[in-house]
Protein chains: 2
Amino acid sequence: MPDYPVGAVRTNLRIVAALSSRTDAGVTELATELDLSKGSVHNHLTTLERLGVVVAEDGRYRLGLRLLDVGMQVRDGMELYQTARSPLAELASSTNESTALVVAEHGDAVYADVCDAARNDRRVRLGTRLPLHTTAAGKAVLAQYSLDEVEAYVETDGLQRRTNRTITDAASLRDELRTITDRRLAYDRGEAFTGMRAVAAPVRLPDHPPAAISVLGPGERFSGKRLEEDLPGLVISAANQIELTLTD
Amino acid sequence: MPDYPVGAVRTNLRIVAALSSRTDAGVTELATELDLSKGSVHNHLTTLERLGVVVAEDGRYRLGLRLLDVGMQVRDGMELYQTARSPLAELASSTNESTALVVAEHGDAVYADVCDAARNDRRVRLGTRLPLHTTAAGKAVLAQYSLDEVEAYVETDGLQRRTNRTITDAASLRDELRTITDRRLAYDRGEAFTGMRAVAAPVRLPDHPPAAISVLGPGERFSGKRLEEDLPGLVISAANQIELTLTD
DNA sequence: AAAAACCGTTCACTATCGCTAAACACCTCG
DNA sequence: CGAGGTGTTTAGCGATAGTGAACGGTTTTT
């Protein structure tokens with residue numbers, strides 16, 4: 001079996017991906033970048049335009065907001081999001097920091113909800129995807145995996161480095177995951193973004209994929225007793241609240 | 001030329017649309033609904049799964065959050081959004097109501113940003129699409145169209161009714177658009193959702209498609225002097241601020 | 001002001017591949 | 001145990017996605 005049974009869909013999504021990283025693009029530009037013929041790119045673009053995904057303007061093309069609508073619809077349909085919503089908002093106001101709900105998907109930690117206590121730093125926003133092992137919430141999710149699943153993750157995705165503090169050693173990762181399981185708490189000390197820290201608690205639910213919630217912010221505010229005691233207590237109790245409302 | 005040069009993309013997006021309206025789905029279920037063979041649906045689903053758009057679980061399939069990421073990326077890339085962000089937030093806090101940034105796309109009013117003063121009513125969220133003529137902001141956008149463009153909109157999209165107050169008559173629409181242009185202000189008195197009102201101001205920018213910002217909320221709070229004077233003043237001055245920062 | 005160079009669009013062609021229908025493997029029932 | 005569900009796989013054919021070249025338009029170069 002070929003890797004992609006419907007090859008045209010792959011081509012199409014390659015075009016969408018190329019468009020998503022720029023404000024707009026021309027046919028030739030995309031054709032050369034993706035190594036396709038101009039005619040083919042043109043066909044895909046007109047198809048996407050007819051379907052309302054792409055907007056054509058003066059012979060140039062850009063992605064519209066249709067995919068945002070679909071994505072938001074998916075997110076709103078998540079039972080976990082619905083119940084985590086208000087606990088997450090309360091956690092944000094009680095800590096006066098940004099909070100997030102994270103689920104695992106295809107080896108990524110995906111931010112399914114983000115509450116900004118105030119100005120967000122724009123590095124983590126709704127929908128952001130980061131390698132699981134580089135974030136507090138991601139590690140809290142990994143800690144719920146079986147040893148085989150963790151190994152499979154390390155094998156397929158690799159322990160990609162993002163900062164000089166990122167865990168890139170499989171043994172260290174296993175050690176940390178054990179600690180996380182024991183203490184029900186995960187830390188991120190600048191492992192995804194330099195200078196950014198986070199505290200996360202796993203959210204375990206029957207018949208649900210593993211998830212986690214986290215509090216994140218600049219390193220200056222995340223230290224001492226606040227980092228070691230205050231934030232952990234608030235995060236864990238919020239996680240408890242979510243688990244309880246969803247297991248009744 | 002056929003309507004969709006790359007037919008497989010159309011099939012694929014039909015499957016995505018079907019998936020987006022439910023939590024998950026099976027192959028047979030989708031095949032019967034879309035009038036496709038099981039094998040074809042299966043091919044599309046495995047392709048989407050390999051590409052990270054769909055998540056397979058126990059032989060059932062659901063949309064993942066990849067499209068949300070793409071959609072948010074598109075939104076964040078919009079220059080208008082970036083500059084409207086803080087004025088919109090300020091407008092939300094000064095009115096203590098929800099505010100929105102709306103752009104037109106394929107005949108829809110699309111909510112490119114939504115600030116919730118408090119609990120949102122969930123009927124309008126980020127990415128929501130409504131017919132242009134049914135919302136205050138949408139009408140503020142239509143008022144920037146030429147007469148031909150308005151006629152084209154009425155012709156292709158039709159004046160679909162959403163509530164008993166929706167404008168469904170082309171002549172009434174033209175009259176109202178003229179008033180909106182003159183006063184630089186558009187109202188929605190329950191034309192999209194019964195009991196929901198809004199005040200909107202057009203945002204005109206050179207080299208940018210027409211846009212608008214609006215304040216929206218329950219009808220009880222939107223009446224009298226507040227509706228006729230206070231809110232209009234605040235909305236228009238916010239629109240001014242956006243236009244000025246973007247035309248320098 | 002030519003003309004060269006670029007663009008997006010269109011066209012004819014063909015090897016590919018998307019789609020169908022049927023068979024298959026697996027599961028859960030009564 | 002078989003009957004009726006799944007999701008998956010297969011064989012095969014007809015449609016089509018992609019190519020490469022040509023077309024008309026605009027912009028840039030000379």
Side-chain angles (χ1 to χ4, degrees), chain A residues 1-64 74 105-106 206-207 209, chain B residues 1-64 105-106 152 206-207 209:
Chain A
M1 176 174 40
D3 279 1
Y4 303 99
V6 186
V9 171
R10 186 181 109 92
T11 305
N12 191 67
L13 281 185
R14 290 213 301 146
I15 292 175
V16 168
L19 279 175
S20 75
S21 58
R22 60 196 92 200
T23 54
D24 62 355
V27 173
T28 311
E29 184 183 347
L30 292 173
T32 54
E33 173 173 328
L34 303 174
D35 203 38
L36 291 167
S37 70
K38 286 199 293 178
S40 183
V41 170
H42 184 259
N43 281 340
H44 278 275
L45 287 174
T46 52
T47 304
L48 285 171
E49 205 273 336
R50 298 256 166 83
L51 291 165
V53 175
V54 150
V55 178
E57 231 168 8
D58 304 327
R60 291 187 69 77
Y61 296 86
R62 61 178 171 83
L63 281 180
V74 171
E105 201 179 284
H106 284 288
D207 302 325
Chain B
M1 175 173 42
D3 279 0
Y4 304 98
V6 186
V9 170
R10 186 182 109 92
T11 305
N12 190 69
L13 280 187
R14 289 212 302 144
I15 292 176
V16 168
L19 279 175
S20 75
S21 60
R22 59 196 95 199
T23 53
D24 62 356
V27 172
T28 311
E29 183 183 348
L30 292 174
T32 54
E33 172 173 329
L34 303 175
D35 203 40
L36 290 167
S37 70
K38 285 199 293 178
S40 183
V41 171
H42 184 260
N43 281 341
H44 278 274
L45 288 174
T46 52
T47 305
L48 285 171
E49 205 273 335
R50 297 258 167 80
L51 291 165
V53 175
V54 150
V55 178
E57 231 169 9
D58 304 327
R60 290 187 71 78
Y61 294 87
R62 61 179 172 82
L63 281 180
E105 200 178 285
H106 284 288
D207 302 326

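Protein chains get the first letters and strands the later ones, always in sequence-line order, with residue 1 at the start of each. Model, not experiment: these values are computed from the prediction.
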*Contacting residues from residues 15-27 of chain B, given that a heavy atom lies under 4.0 angstrom of DNA chain D*: B/Gly26, B/Val27
*Interface with DNA chain D, restricted to residues 52-60 of chain B and to heavy atoms under 4.0 Å*: B/Gly59
Is the shortest side-chain heavy-atom distance between [X] and [Y] below 4.5 Å?
X	Y	answer
A/Arg62	A/Thr23	no
B/Pro5	A/His42	no
A/Val54	A/Leu63	yes
A/Tyr4	B/Leu51	yes
A/Leu48	A/Val16	yes
A/Glu57	A/Asp24	no

*asked:* Just to be sure I understand the geometry, which residues of residues 28-38 of chain B put a non-hydrogen atom under 4.0 Å away from DNA chain C?
replied: B/Leu36, B/Ser37
At less than 4.0 Å, is any side-chain N or O atom of [X] found next to OP1 or OP2 of [N]? Yes or no.
X	N	answer
A/Thr11	D/dG18	yes
A/His44	D/dG18	yes
A/Tyr61	C/dC7	no

Tell me the interatomic distance from [X], atom [atom1], to [N], atom [atom2], rounded to whole angstroms.
X	N	atom1	atom2	answer
A/His42	D/dA17	NE2	P	15 Å
B/Tyr4	C/dG18	OH	C1'	18 Å
B/Glu49	D/dG7	CD	C1'	14 Å
A/Leu48	C/dG8	CG	P	16 Å
B/Arg14	C/dG18	CZ	P	17 Å
B/Asn12	D/dA17	CG	P	12 Å

_Determine whether B/Val53 and A/Leu13 satisfy the following criterion, side chain to side chain contact (heavy atoms under 4.5 Å, CB included), listing intermediate values before the conclusion._
CA-CA 10 Å; B/Val53 175; A/Leu13 281 185; 3.7 Å; yes
*Could you tell me which residues satisfy salt bridge (charged side-chain N to carboxylate O under 4.0 Å, His left out) with B/Arg14, sequence neighbours excluded, listed by chain and number?*
none
Nearest heavy-atom neighbours spanning [X] and [Y]:
X	Y	result
B/Ala31	B/Val41	CA-CG2, 3.8 Å
A/Val74	B/Gly64	CG1-O, 3.6 Å
A/Glu33	A/Ala18	OE2-CB, 4.0 Å

*State, to the nearest 10°, the angle formed by the axis through the first five base pairs of the helix from C/dA1-D/dT30 to C/dG30-D/dC1 and the axis through its last five.*
30°
*asked:* The criterion is side chain to side chain contact (heavy atoms under 4.5 Å, CB included); which residues satisfy it with B/Ala17, sequence neighbours excluded?
replied: none
_Once you apply a heavy-atom cut-off of 4.0 Å, does A/Gly39 come out as touching a base, just sugar-phosphate, or nothing?_
base
*Decide yes or no on side chain to side chain contact (heavy atoms under 4.5 Å, CB included) for A/Leu19 and A/Leu45, but give the supporting numbers first.*
CA-CA 10 Å; A/Leu19 279 175; A/Leu45 287 174; 3.9 Å; yes
*Is there a donor-acceptor pair under 3.5 Å between the side chain of B/Arg10 and the backbone N or O of B/Val6?*
no
